[in-house]
Amino acid sequence: MTDPVALVTGAGSGIGEATVRLFAERGHRVVAVDVDEQGLAALAELDGVVTVVGDVAREETNAEAVQRAIAEFGRLDTAVLNAGIGGAGPLEAAGSIERLDRLYAVNVRGTALGIRAAVPALRAAGGGAIVATSSVSGLRGDPGTWGYNATKAAVINLVRAAAIDYAAQNIRVNAIAPGGTVTGMTAGQVADPAFSRFITSRIPAQRWADPREQAEVVWFLASPAASYVTGVTVPVDGGLSANGGILLPPPAN
Ligand code: NAD
């Protein structure tokens, strides 16, 4: 049996980068995919990691990532479909529907293309796991973030439907729903002390997540420990989605 092999999209920063590092540390060979070549540079130095530069909204990128896994490492066991973009702004603003189209292209089409590309290779390996990245913003609405909310909710139901279609082929499909996590996507919010405090006051754990805390749940969902788990989205949010939102959780001591 060769080493297990994972593919991770959105690998150049944040949650994806932490996932590549965790899987590599734990003995996986990894294909790291990102549209940002610079973000991948440090990962390309790691043992057992190869990189693919491309846009997940393009079929060719997903096909190339799976081909690299087979060509370099002989198999694919896990596909972590994590690449995503944010975007907020009034629905009535100029350009808002073009932004929605791009959010769908990356967050939904990119995930669907990733599943489609990975499934034949996972099947050939006798089964495997797909873990997508949704968001707490897929569980609820946020002010001014309708496009992101819509696409991240779509990921949750895409995962359910794909899980049903592939369960009998021993391919599990799950997602994480991160809450506020310190990454490139949230760097501006984290760097603004007043806004950062405002956000953490709403999180029962009273802090942002480290990307590695997301990667650990991806690891669990991909692992044999989760062999009977499929079609679910696990909030990894310090209790954020557990709170009804009317009252603030207790502050830190
Ligand atoms: P990040 O911006 O640090 O990392 C995202 C990576 O995805 C970047 O390297 C970027 O270049 C890459 N990417 C973007 N579009 C791409 C495309 N079309 N093709 C290939 N790569 C692309 O952000 P992050 O927070 O690590 O985001 C990872 C995932 O987590 C996203 O799906 C995001 O929506 C989700 N998420 C993040 C948070 C958070 O608080 N950070 C919360 C909920 C969900």
Side-chain angles (χ1 to χ4, degrees), residues 7-22 31-44 51-65 79-88 99 101-114 117 130-142 145 147-156 158-159 175-191 195-196 199-200 202-203 205 207-215 217-218 233-238 240-241:
L7 169 169
V8 180
T9 70
S13 173
I15 294 168
E17 180 186 348
T19 303
V20 172
R21 292 183 183 279
L22 193 77
V31 180
V33 183
D34 205 288
V35 73
D36 174 17
E37 188 169 7
Q38 252 188 319
L40 294 173
L43 296 178
T51 60
V52 169
V53 179
D55 178 351
V56 295
R58 296 181 62 244
E59 192 163 7
E60 295 83 342
T61 303
N62 294 281
E64 187 187 342
V80 181
L81 307 175
N82 161 80
I85 54 170
R99 185 63 188 164
D101 289 344
R102 185 61 189 156
L103 282 160
Y104 262 98
V106 178
N107 297 354
V108 184
R109 178 184 157 91
T111 306
L113 285 172
I130 295 171
V131 185
T133 304
S134 177
S135 171
V136 286
S137 298
L139 302 168
R140 305 255 179 94
D142 305 298
T145 314
Y148 186 68
N149 289 138
T151 61
K152 289 299 183 178
V155 170
I156 293 172
L158 175 58
V159 157
I176 57 167
T181 306
V182 181
T183 68
M185 186 179 273
T186 56
Q189 298 173 350
V190 174
F195 192 70
S196 185
I199 297 278
T200 53
R202 274 150 176 77
I203 302 168
R207 63 174 180 85
W208 294 81
D210 185 276
R212 196 160 168 112
E213 293 177 288
Q214 304 296 340
V217 182
V218 173
T233 294
V234 180
V236 189
D237 67 353
L240 182 64
S241 61

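Both backbone and side-chain heavy atoms feed into the values below; hydrogens, waters and symmetry mates do not. All residue numbers in this chain count up from 1 along the given sequence. Numbering of ligands and ligand atoms starts at 1, following listing order.
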Exercise. Among protein heavy atoms, which lies nearest atom 15 (N) of ligand 1, and at what distance?
Worked result: Ile85 CG2, 3.6 Å
Exercise. For Arg102, is the nearest heavy atom under 4.0 Å from an atom of ligand 1?
Worked result: yes
For this session: Could you list which atoms of ligand 1 come closer than 4.0 Å to a heavy atom of Gly180?
Result: 40 (O)
Exercise. Looking at CG of Asn149 and CG of Asp142, how far apart are the two atoms once the value is rounded to the nearest 0.5 Å?
Worked result: 4.5 Å
For this session: Give the contacting part of Asn82 toward ligand 1: side chain, backbone, both or neither, where contact means a heavy-atom distance below 4.0 Å.
Result: both
Exercise. With a cut-off of 6.0 Å (strictly less than), are more than 12 heavy atoms of other residues, nucleotides or ligands near CD of Gln189?
Worked result: yes
Exercise. Taking atom CG of Leu158 and atom OG1 of Thr233, what is their separation to the nearest 0.5 Å?
Worked result: 10.0 Å
Exercise. Closer than 4.0 angstrom: is that true for some heavy atom of Trp208 and an atom of ligand 1?
Worked result: no
For this session: Run the numbers for me: atoms of ligand 1, each under 4.0 Å from some heavy atom of Gly12, listed by number.
Result: 9 (O)
For this session: Could you tell me whether the side chain of Ser134 and the main chain of Ala177 form a donor-acceptor pair under 3.5 Å?
Result: no
Exercise. If you measure from CG on Leu113 to CG on Asn62, what distance do you get to the nearest 0.5 Å?
Worked result: 5.0 Å
For this session: Please could you name the atoms of ligand 1 that Asp55 approaches to less than 4.0 Å, counting only its heavy atoms?
Result: 17 (C), 18 (N), 19 (N)
Seminar exercise, completed: Near Asp36 (heavy-atom distance under 4.0 Å), the atoms of ligand 1 are 11 (O)
Exercise. Is ligand 1 under 4.0 Å from a heavy atom in the side chain of Arg58, in the backbone, in both, or in neither?
Worked result: neither
Exercise. Using heavy atoms and a threshold below 4.0 Å, how should the contact between Val56 and ligand 1 be classified: side chain, backbone, both, or neither?
Worked result: both
For this session: In plain terms, say whether Asp55 and Arg109 are close enough for a salt bridge, that is, a side-chain N and a carboxylate O under 4.0 Å apart.
Result: no
Exercise. Are Asn107 and Thr133 side-chain neighbours, meaning at least one heavy-atom pair lies under 4.5 Å?
Worked result: no
Seminar exercise, completed: re atom 3 (O) of ligand 1, the protein heavy-atom contact at minimum distance is Ser13 OG, 2.5 Å
Exercise. Quick one: does Ala177 get a heavy atom under 4.0 Å from ligand 1?
Worked result: no
Problem set entry | Numbered atoms and elements of ligand 1 in range of Gly84, under 4.0 angstrom, heavy atoms | 14 (C), 31 (C), 32 (O)
Exercise. How does Glu17 reach ligand 1, if at all, at less than 4.0 Å between non-hydrogen atoms: by side chain, backbone, both, or neither?
Worked result: neither
Seminar exercise, completed: shortest atom 21 (N) of ligand 1-to-protein heavy-atom contact is with Val35 N, 3.3 Å
For this session: Using the side chain to side chain contact (heavy atoms under 4.5 Å, CB included) rule, take Thr181 and Thr186 through it: C-alpha gap first, then chi angles, then the decisive distance, then the call.
Result: CA-CA 7 Å; Thr181 306; Thr186 56; 5.7 Å; no
Seminar exercise, completed: Nearest non-hydrogen protein atom to atom 7 (O) of ligand 1, with distance, is Gly10 CA, 3.3 Å
Exercise. Going by heavy atoms in the side chains, are Ser13 and Asp36 under 4.5 Å from each other?
Worked result: no
Problem set entry | Any donor-acceptor pair under 3.5 Å from Asp34 side chain to Ala11 backbone | yes
Exercise. If we only count N/O pairs under 3.5 Å, is Gly16 in contact with ligand 1?
Worked result: no
Problem set entry | Point-to-point distance, once rounded to the nearest 0.5 Å, from OG1 of Thr19 to CZ of Arg212 | 10.0 Å
Exercise. Just wondering, more than 12 heavy atoms not from Glu37 lying within 6.0 Å of its CD?
Worked result: no
Problem set entry | Nearest heavy atoms of Val190 and Val182, plus distance in Å | CG2-CG2, 4.2 Å
For this session: Note the single closest protein heavy atom to atom 27 (O) of ligand 1, along with its residue, its atom name and the distance in Å.
Result: Met185 CE, 4.2 Å
Seminar exercise, completed: Tyr148 heavy atoms within 4.0 Å reach ligand 1 at atoms 33 (C), 34 (O), 35 (C), 36 (N), 43 (C), 44 (C)
Problem set entry | Sub-4.0 Å heavy-atom approach of Ala105 to ligand 1 | no
Exercise. Nearest protein heavy atom to atom 25 (O) of ligand 1, by residue and atom, and its distance?
Worked result: Thr183 OG1, 2.6 Å
Exercise. Out of Ser135, Gly179, Ala65, Gly87, who gets a non-hydrogen atom closest to atom 38 (C) of ligand 1?
Worked result: Gly179
Seminar exercise, completed: Result for side-chain contact (heavy atoms from CB on, under 4.5 Å) between Val33 and one of Val53, Thr61, Val8, Leu40 points to Thr61
Problem set entry | Under-4.0 Å heavy-atom contact with ligand 1, by part of Val106 that carries it | side chain
Exercise. So, does Glu213 use its side chain to make a donor-acceptor pair with the main chain of Val236 at under 3.5 Å?
Worked result: no
Problem set entry | From Leu139 atom CG to Ile156 atom CD1, the distance as rounded to the nearest 0.5 Å | 4.5 Å
Exercise. Which residue holds the protein heavy atom closest to atom 11 (O) of ligand 1, what is that atom called, and what is the gap in Å?
Worked result: Asp34 OD1, 2.6 Å
Exercise. What are the atoms of ligand 1, with element, lying closer than 4.0 Å to any heavy atom of Lys152?
Worked result: 31 (C), 32 (O), 33 (C), 34 (O)
For this session: Using a 4.0 Å heavy-atom threshold (strictly under), name the region of Ser134 that reaches ligand 1: side chain, backbone, both or neither.
Result: backbone
Exercise. What distance separates Asn82 CG from Leu7 CG, expressed to the nearest 0.5 Å?
Worked result: 11.0 Å
Problem set entry | Close approach, Thr186 and ligand 1, non-hydrogen under 4.0 angstrom | yes
Problem set entry | Any Gly86 heavy atom less than 4.0 Å from ligand 1 | no
Exercise. Is a donor on one side and an acceptor on the other found under 3.5 Å between the side chain of Lys152 and the backbone of Arg140?
Worked result: no
For this session: Decide whether an N or O pair under 3.5 Å exists between Ala57 and ligand 1.
Result: no
For this session: Run the numbers for me: atoms of ligand 1, each under 4.0 Å from some heavy atom of Gly14, listed by number.
Result: 3 (O), 26 (O)
Exercise. To which protein heavy atom is atom 35 (C) of ligand 1 closest, and what is the distance rounded to 0.1 Å?
Worked result: Thr133 CG2, 3.6 Å
For this session: Please verify whether a non-hydrogen atom of Gly54 lies at under 4.0 Å from ligand 1.
Result: yes
